[in-house]
Amino acid sequence: MYIPFVTFKPMEKELDTELRAAFERVYGNSWYIEGKEDEAFENAFAEYCNTKYCIGCGNGLDALMLALKALEVEAGDEVIVPSNTYIASALAITYVGAKPVFVEPDIRTYNIDSNKIEAAITSRTKVIMPVHLYGQPCNMKPIMEIAKMYNLYILEDCAQAHGATFHGQVVGSFGDAAGFSFYPGKNLGALGDAGATVTNSKKLADKIRALGNYGSDYKYHHIYRGNNSRLDELQAAFLAVKLPHLDHMNEERRKIAKRYMDEIINPKFVLPYVLDGTNPVWHIFAIRCKNRDKLVEYLKTAGIGTNMHYPIPMHLQGAYKDLHVQQGALPIAEEISATELSLPLYYGMTDEEISYVVDKLNSF
Ligand SMILES: Cc1ncc(COP(=O)(O)O)c(C=O)c1O
């Protein structure tokens, strides 16, 4: 049996007619950037996230970066970010000239440890960026309290958590703004790169939109030195097809995750921990194993694809050498990087495929 880490085939089959119709409609309209498809998707996604505004852009990195720019985060400022996220979270911070301050995650949830945030706050801290990693919501209650106490902004990184909830509230609706990625492999994925920022602030929304459109609030009037990062009509139309299916596709991911949680009983693995009151969307099903490399080889031989999120922590990446954070300084992030393995989990995974993965893992 061959089981890839991820495949889009079942989803594509289910939505084939609708996706092709969306393409035909946009092509027929001969209008490709900033049009009614964009507006329709933005309105629908804002509603889904229970926020007033959604501003589409080119990708998830830009969604975060434009939000930080709009919040006037700049050189000299610090942004608190977990030490174990995808590098895009930190890149958004360094692109605006600010410094990422890495805070270790809780080893159980892999999300930023709210008990460690206060110690990282300085007079330069401007923003806390919780990342709902693997589709598991962060512990937002204490994070919101700390932000309020120290008068800090919250920018949620929701790239992996479309539709996940914390005590019934959907992620993306907690902070001053939130960035989403619609990279094809995300729970809500485009057929190419795309992203969006959501917010309840009209002032922020207007500024983010202008910043992503060459800093222009009105054609050929440039009030900011902006970027070019807009959601195009084709991707917006594809996303609008997929959004109404997001909840049932997330529900299916939950069923697969439940089977893994119930049936993987090999004590060599640490299974995910679900924080009370959260309803994750299982973008990634992450286990930990001391013999990770051996396990990868074993599963590969059995025809099972896996992935690692992420094998090198950000502070040990060449890109962040100048931060001078040495090996050993962030032991929890390093431990996760050394032991984490992501199992296949995708919409349309069959019962037989799940059983096969479970059996192979239990006999490792
Ligand atoms: C946690 C996190 N933040 C940000 C991003 C950036 O999104 P994009 O790839 O759309 O730029 C990603 C994408 O992989 C991500 O996983």
Side-chain angles (χ1 to χ4, degrees), residues 5-6 8 41 45 49 54-69 79-96 100 102-103 105 109-112 127-138 140 143 154-164 171-172 174-175 177-198 208 211-212 227-232 235-236 238-239 242 253 280-286 307-315 317 319-320 333 336-337 340 342 345-346:
F5 172 66
V6 69
F8 304 139
F41 172 70
F45 196 64
C49 293
C54 167
I55 311 97
C57 64
N59 53 65
L61 170 60
D62 285 354
L64 296 169
M65 191 264 289
L66 293 169
L68 288 172
K69 252 186 160 175
V79 176
I80 290 176
V81 65
S83 53
N84 65 320
T85 175
Y86 182 54
I87 197 164
S89 316
L91 285 174
I93 299 166
T94 48
Y95 271 148
V96 300
F102 298 125
V103 169
T109 64
Y110 311 132
N111 274 330
I112 193 163
V127 178
I128 303 174
M129 188 192 289
V131 181
H132 307 292
L133 202 70
Y134 306 155
Q136 306 269 354
C138 293
M140 288 311 293
I143 295 173
I154 290 183
L155 172 59
E156 293 172 76
D157 182 340
C158 298
Q160 302 189 1
H162 318 67
V171 302
F174 288 88
F180 285 85
S181 163
F182 305 124
Y183 178 78
K186 302 301 191 208
N187 289 33
L188 178 62
L191 308 188
D193 271 321
T197 312
V198 298
I208 290 167
L211 283 167
N227 295 64
N228 174 11
S229 187
R230 301 172 295 211
L231 178 61
D232 67 65
Q235 296 306 340
F238 295 143
L239 287 164
K242 291 174 91 178
R253 300 180 84 89
V281 290
W282 302 100
H283 175 58
I284 284 164
F285 192 95
N307 213 335
M308 294 170 199
H309 296 92
Y310 298 90
I312 306 172
M314 289 174 297
H315 64 288
Q317 296 281 359
Y320 285 125
I336 295 168
S337 283
E340 189 274 345
S342 308
L345 194 161
Y346 47 83

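Counting convention: from 1, in listed order, for ligands and their atoms alike. In this chain, residues are counted from 1 in sequence order. Fair warning: this is a prediction, and the values are worked out from it, not measured in the lab.
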Taking C-beta and beyond as the side chain, do Leu345 and Ile284 meet within less than 4.5 Å on heavy atoms?
no
With heavy atoms under 4.0 Å as the rule, classify the contact between Asp62 and ligand 1 as side chain, backbone, both or neither.
neither
For atom 8 (P) of ligand 1, the protein heavy atom that lies nearest, with its residue and separation
Gly60 N, 3.4 Å
Tell me if a side-chain donor or acceptor on Glu156 pairs with a main-chain N or O of Gly175 at a distance below 3.5 Å.
yes
Suppose I only count heavy atoms of Gln160 and a 4.0 Å limit; which atoms of ligand 1 are within that range?
1 (C), 16 (O)
For the side chain of Gln317 and the backbone of Ile312, is there at least one donor-acceptor N/O pair under 3.5 Å apart?
yes
Just to confirm my output: which protein heavy-atom neighbour is closest to atom 15 (C) of ligand 1, and how far is it?
Ala159 CB, 3.5 Å
Judged by modelled atom types alone, do Ser229 and Asp62 share a side-chain donor-acceptor pair under 3.5 Å?
yes
Do His162 side-chain atoms and Gly135 backbone N/O form a donor-acceptor pair below 3.5 Å?
no
Look at atom 5 (C) of ligand 1 and say which protein heavy atom is nearest, naming residue and atom and giving the distance to 0.1 Å.
Ala88 CB, 3.5 Å
So does Val281 get a backbone contact from the side chain of Asn187, meaning a donor-acceptor N/O pair under 3.5 Å?
yes
Does Lys186 come within less than 4.0 Å of ligand 1, judged by its heavy atoms?
yes
Check each of Ile93, Asn227, Leu91, Thr94 against Met65 using the side-chain contact (heavy atoms from CB on, under 4.5 Å) test, and report the only one that passes.
Asn227
Leu61 heavy atoms, cut-off 4.0 Å: which ligand 1 atoms fall inside?
6 (C), 7 (O), 8 (P), 11 (O)
Hey, would you say the Phe180 and Phe45 ring centroids sit under 6.0 Å apart?
yes
Atom 9 (O) of ligand 1: closest protein heavy atom, distance to 0.1 Å, is Ser181 OG, 4.0 Å
Does some side-chain heavy atom of Ile80 sit less than 4.5 Å from a side-chain heavy atom of Met129?
no
Any Phe180 heavy atom less than 4.0 Å to ligand 1:
no
Atoms in ligand 1 flagged as close to Val131, the criterion being non-hydrogen separation under 4.0 Å
1 (C)
How about Tyr86 and Tyr183: are their ring centroids closer than 6.0 Å?
no
Consider every N or O of Asp193 and every N or O of ligand 1, then say whether any pair is closer than 3.5 Å.
no
Pairs of nitrogen or oxygen atoms closer than 3.5 Å, one from Asp157 and one from ligand 1: do any exist?
yes
For ligand 1, indicate whether the residue Tyr134 contacts it via side chain, backbone, both or neither (heavy-atom separation under 4.0 Å).
neither
Taking non-hydrogen atoms only, is Thr85 closer than 4.0 angstrom to ligand 1 via side chain, backbone, both or neither?
side chain
Interfacing atoms of ligand 1 (cut-off 4.0 Å, heavy-atom, Tyr310)
16 (O)
